[in-house]
Number of protein chains: 2
Amino acid sequence: MTSGAELIGDTETVDGFSNILSGVVKLTKTLSDGREQIVGLQFAPDFVGRPFREESALTAQAATDVSLCSFPRATIEGMLKRSPGLEHRLLEQTLRELDEARDWMVTLGRKTAGEKVASFLILIATYIDPEFDPRSGSAVFDLPLTRAEIADFLGLTIETVSRQLTKLKADKVIEIENNRRITVEDIERLRFRAGI
Amino acid sequence: MTSGAELIGDTETVDGFSNILSGVVKLTKTLSDGREQIVGLQFAPDFVGRPFREESALTAQAATDVSLCSFPRATIEGMLKRSPGLEHRLLEQTLRELDEARDWMVTLGRKTAGEKVASFLILIATYIDPEFDPRSGSAVFDLPLTRAEIADFLGLTIETVSRQLTKLKADKVIEIENNRRITVEDIERLRFRAGI
DNA sequence: GCGACCAGTTGGTCCGGGTCAAGCGCACCG
DNA sequence: CGGTGCGCTTGACCCGGACCAACTGGTCGC
């Protein structure tokens, strides 16, 4: 599935329930006047879908090229009834997503623009960099989101995201190639910028 | 348990797992420099506690007087293993909390101060007003939080919260008695102020 | 090659909300 | 009683980030 494709419509009934095999899925919510907020990013091998509810209050879109393994909703709910192990795994993922959502609430509510952008880079580094090791000081990765999507994730404007990235580059905390590829030599400096 | 008491320490091991019988519990996260964000409010009959993890990344405090029914962590995890029904109930609550957290992320990231305060009042009205009926136009309730706590919930300062409440009062959207008791005559007008 | 378009950057201006400070009302205490 | 402290409000000022606009570089179709 190519980038930008819509997986779950906002008011449509959510039929599917999928397993991400590769790629990044963004979950967004939109206010009636068009303001948008990304409320979650999901990476392989997460589930996508909201069991036990007909209607999803959010939109799931592929942020990068994504490959999925999808089931109809009835199938998955039947499987959940029969297999407590699967339900347990779903509970574990949901608890993890809740922890992440709450972490992000702190970022949205209490951090400055610079801290938000640094926090975002750390988040992506930990998920994306194939050989990222928290103890090693460095990371290299491609941003899976455009500036506009980063802005929607951080509750900022695209201009502010751009300026903060430029500032991190000017301060030699990161390097940027082709607008997408980020190199962080010293992740501790970046973490410091994120307001811990 | 009286208001302000701490239920779960930040770095301490979370031993307990409780059921709220009455009152309001606030879940907060704090940055190293003291900035604070309330990341969740829990009302009866929610569970409080983070199963399957030794360490909780947040602090749970009583916001009002609270009565609890507590179990040691081992007990609850044993019960969860033996009773899939209980685990299912926990999954349902966790999914609901995740939905709420994501709704709140939109409020934190994309709404103005006035919309945030209106959204907060609607949230409290739906949980607290004993005879609140969404179709009836009005609601009366006591705020379970101080201005400082509301500010920490909304990612604002106490002054801004105060000013926005004063403005809602001046515009006859709400009435305020004793700084705590709120009357909303026409909840639709308040909902309009919340940016839907 | 050339123009159109899109993602991103950069500059300038403005305002919402933060910050600082003073003051009010009320409960509690000596 | 007056003093003290806390929760809250109000006013004045300021700044971070939104908004508006111009520009750059890369990609695509012709």
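All chains are named by letter (A, B, ...) in the order of the sequence lines, taking the proteins before the strands, and each is independently numbered beginning at 1. Values reported hereafter were calculated over all heavy atoms of this structure, with side chains retained and with hydrogens, waters and symmetry mates removed.
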Assign a letter to each nucleotide of nucleotides 11-18 of chain D from its 5' end: B, base within under 4.0 Å of a protein heavy atom; S, sugar-phosphate only; -, no contact. BB----SS

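- Regarding B/Ile150, its CD1 atom lies at a distance of 12 Å from the C1' atom of D/dG7, rounded to whole Å.
- Between the side chains of A/Ser119 and A/Lys111, at least one donor N or O sits under 3.5 Å from an acceptor N or O.
- B/Glu177 is linked by a salt bridge (charged side-chain N to carboxylate O under 4.0 Å, His left out) to nothing, counting only residues two or more places apart in sequence or in another chain.
- Atoms CG (B/Asp152) and C1' (D/dG7) sit 14 Å apart, rounded to a whole Å.
- Taking atom CG of residue A/Asn179 and atom P of nucleotide D/dT27, one finds them 11 Å apart after rounding to whole Å.
- The residues A/Arg102 and A/Glu97 are annotated as not salt-bridged, no charged nitrogen and carboxylate oxygen being separated by less than 4.0 angstrom.
- B/Ile182 has its side chain within reach of B/Ile176: a pair of non-hydrogen atoms, C-beta onward, lies under 4.5 Å apart.
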Report the C-alpha separation of B/Asp171 and B/Arg189 in whole Å, then their side-chain angles, then the decisive distance to 0.1 Å, and conclude whether the salt bridge (Lys or Arg N to Asp or Glu O under 4.0 Å) test is met. CA-CA 10 Å; B/Asp171 296 351; B/Arg189 290 185 61 206; over 6 Å; no

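- Atom-to-atom, CG of B/Asn178 to P of D/dC8 comes out at 12 Å; the value is rounded to the nearest Å.
- A straight line from CG of B/Leu168 to C1' of D/dT9 spans 15 Å, rounded to a whole angstrom.
- Residues passing the salt bridge (charged side-chain N to carboxylate O under 4.0 Å, His left out) test with A/Arg89, sequence neighbours excluded: none.
- Between B/Phe153 and B/Trp104, the two ring planes are parallel [angle under 30°; tilted spans 30° to 60°].
- Between the axis at the start and the axis at the end of the helix from C/dG1-D/dC30 to C/dG30-D/dC1 there is an angle of 30°, using five pairs per end and rounding to 10 degrees.
- The aromatic rings of B/Phe52 and A/His88 sit perpendicular to each other, their planes meeting at more than 60°, with 30° as the lower class boundary.
- Contacts of B/Ser22 classified as side chain to side chain contact (heavy atoms under 4.5 Å, CB included), with partners at least two apart in sequence or in another chain: B/Ser67.
- Residues B/Val140 and B/Leu123 are members of separate hydrophobic clusters, defined by side-chain heavy-atom contacts under 4.5 angstrom among Ile, Leu, Val, Met, Phe, Trp and Tyr.
- As rounded to whole Å, 18 Å separates atom P of D/dT24 from atom CD1 of A/Ile158.
- Proximity of the aromatic rings of B/Phe71 and B/Phe17 is defined here by a centroid distance below 6.0 angstrom, and this criterion is not met.
- Boundaries of the chain A contact region on DNA chain C are C/dG8 to C/dG12, first to last in 5' to 3' order (nucleotide atom under 4.0 Å from a heavy atom).
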